[in-house]
Amino acid sequence: AFIVQAQKASENIKKITVQLRDYESKKIKEIKTNSLQHLDDQTIFFNIICVISIIIPLIISFFIARMIIMPIHTLVNYSKKIANGDLRQSCAIKSKDEMGNLSTYFNKVVTYIKEFINNMKSIQVQNTEVKNELVSSTTETFAAVTEISTNLNSSVTMLKRLNETVGTSVETSDEIS
């Protein structure tokens, strides 16, 4: 009886050992699965963090670059208009940085160019007026010189006649005497 009980106990121990091994294998598989799932979740989370940490600086860089490049494009377009002779507009960059300073000085240069052009136009008008006065004076002087020349020619002709008359009178006077 004792042996039978010992055998039954041994069989129960074997069954329990098998059940423990099965339970242990099952738990190990469960732990592995959970660990892998947890590891996959961590990997996905890490990948998301990496993507976000790349995208956010790119977006920030885009806006910073845009803030820098837009005023430069504005100045380039303004420069093209000035180069084509359009001095009516002004550069409208109002920032307090180097681009704002450059815009201010650009506008001052355009103002000086406008003033220079206006001065040149005024000088051109004055030169035209002086030229017209000189042409008028020259025409009047030429007319006066022509008149004086005509008068001198008439005087010379009269003096020749007078000389001839005096010469004839002298001859007649010599004959009479």
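Quick note: residue numbers are just sequence positions, from 1.
Formation of a donor-acceptor pair under 3.5 Å by the Ser79 side chain with backbone atoms of Leu75 is found in this model. With hydrogens and angles ignored, the 3.5 Å screen pairs a side-chain donor or acceptor of Tyr78 with a backbone N or O of Gln89. Side chain of Asn12 to backbone of Lys15: no donor-acceptor contact under 3.5 angstrom is found. Not a single donor-acceptor pair under 3.5 Å links the side chain of Ser149 to the backbone N or O of Val145. Under a 3.5 Å cut-off, the side chain of Ser53 and the backbone N or O of Cys50 do form a donor-acceptor pair. In this structure, Thr157 contributes its side chain and Asn153 its backbone to a donor-acceptor pair below 3.5 Å. Checked by atom type and distance alone, the side chain of Ser122 never pairs as donor or acceptor with a backbone atom of Asn118 at under 3.5 Å.
Linking Ile, Leu, Val, Met, Phe, Trp and Tyr whenever their side-chain heavy atoms come within less than 4.5 Å leaves Met70 and Leu102 in two separate clusters. No single ILVMFWY cluster, assembled from side-chain heavy atoms under 4.5 Å apart, contains both Ile13 and Val4. Linking ILVMFWY side-chain heavy atoms closer than 4.5 Å, directly or via other members, places Leu134 and Phe142 in two distinct hydrophobic clusters. Val51 is not connected to Ile48 by any chain of hydrophobic side-chain contacts under 4.5 Å among Ile, Leu, Val, Met, Phe, Trp and Tyr, and they are in different clusters. Note on Phe106: it clusters hydrophobically with Val76, by side-chain heavy-atom contacts below 4.5 Å among ILVMFWY residues.
To the nearest 0.5 angstrom, Asn84 atom CG is 9.5 Å from Lys80 atom NZ. How far NE2 of His73 is from CD1 of Ile69: 5.5 Å, rounded to the nearest 0.5 Å. Atom CG in Leu159 sits 10.0 Å away from atom CG in Leu152 (nearest 0.5 Å). Taken to the nearest 0.5 Å, the CE atom of Met120 stands 13.0 Å off from the CD1 atom of Ile113. Here the straight-line distance linking atom OG of Ser25 with atom CG of Leu20 works out to 10.5 Å at 0.5 Å rounding. One distance of note links CG of Leu87 with NZ of Lys81; it measures 12.0 Å at 0.5 Å rounding.
For Asp86, the salt bridge (Lys or Arg N to Asp or Glu O under 4.0 Å) test picks out Arg88, with sequence neighbours left out.
With a 4.5 Å cut-off on side-chain heavy atoms, Asn127 and Lys131 do not count as touching. Ser103 is not listed as a side-chain neighbour of Met99, based on a closest heavy-atom distance of 4.5 Å or more. Using a 4.5 Å cut-off on side-chain heavy atoms (C-beta onward), Thr74 and Cys91 make contact. In this structure the side chain of Val18 never reaches within 4.5 angstrom of the side chain of Tyr23, judged on heavy atoms. Inter-residue side-chain proximity for Ile82 and Val109 is flagged as unmet; no heavy-atom pair is nearer than 4.5 Å.
Residue-environment remark: CE (Met158) stays at or below the threshold of 12 foreign heavy atoms within 6.0 Å. More than 12 heavy atoms of other residues, nucleotides or ligands shown are found within 6.0 angstrom of NZ on Lys114.
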Verdict with reasoning, Lys27 to Glu30, per salt bridge (charged side-chain N to carboxylate O under 4.0 Å, His left out): CA-CA 5 Å; Lys27 279 298 181 184; Glu30 230 178 76; 3.3 Å; yes

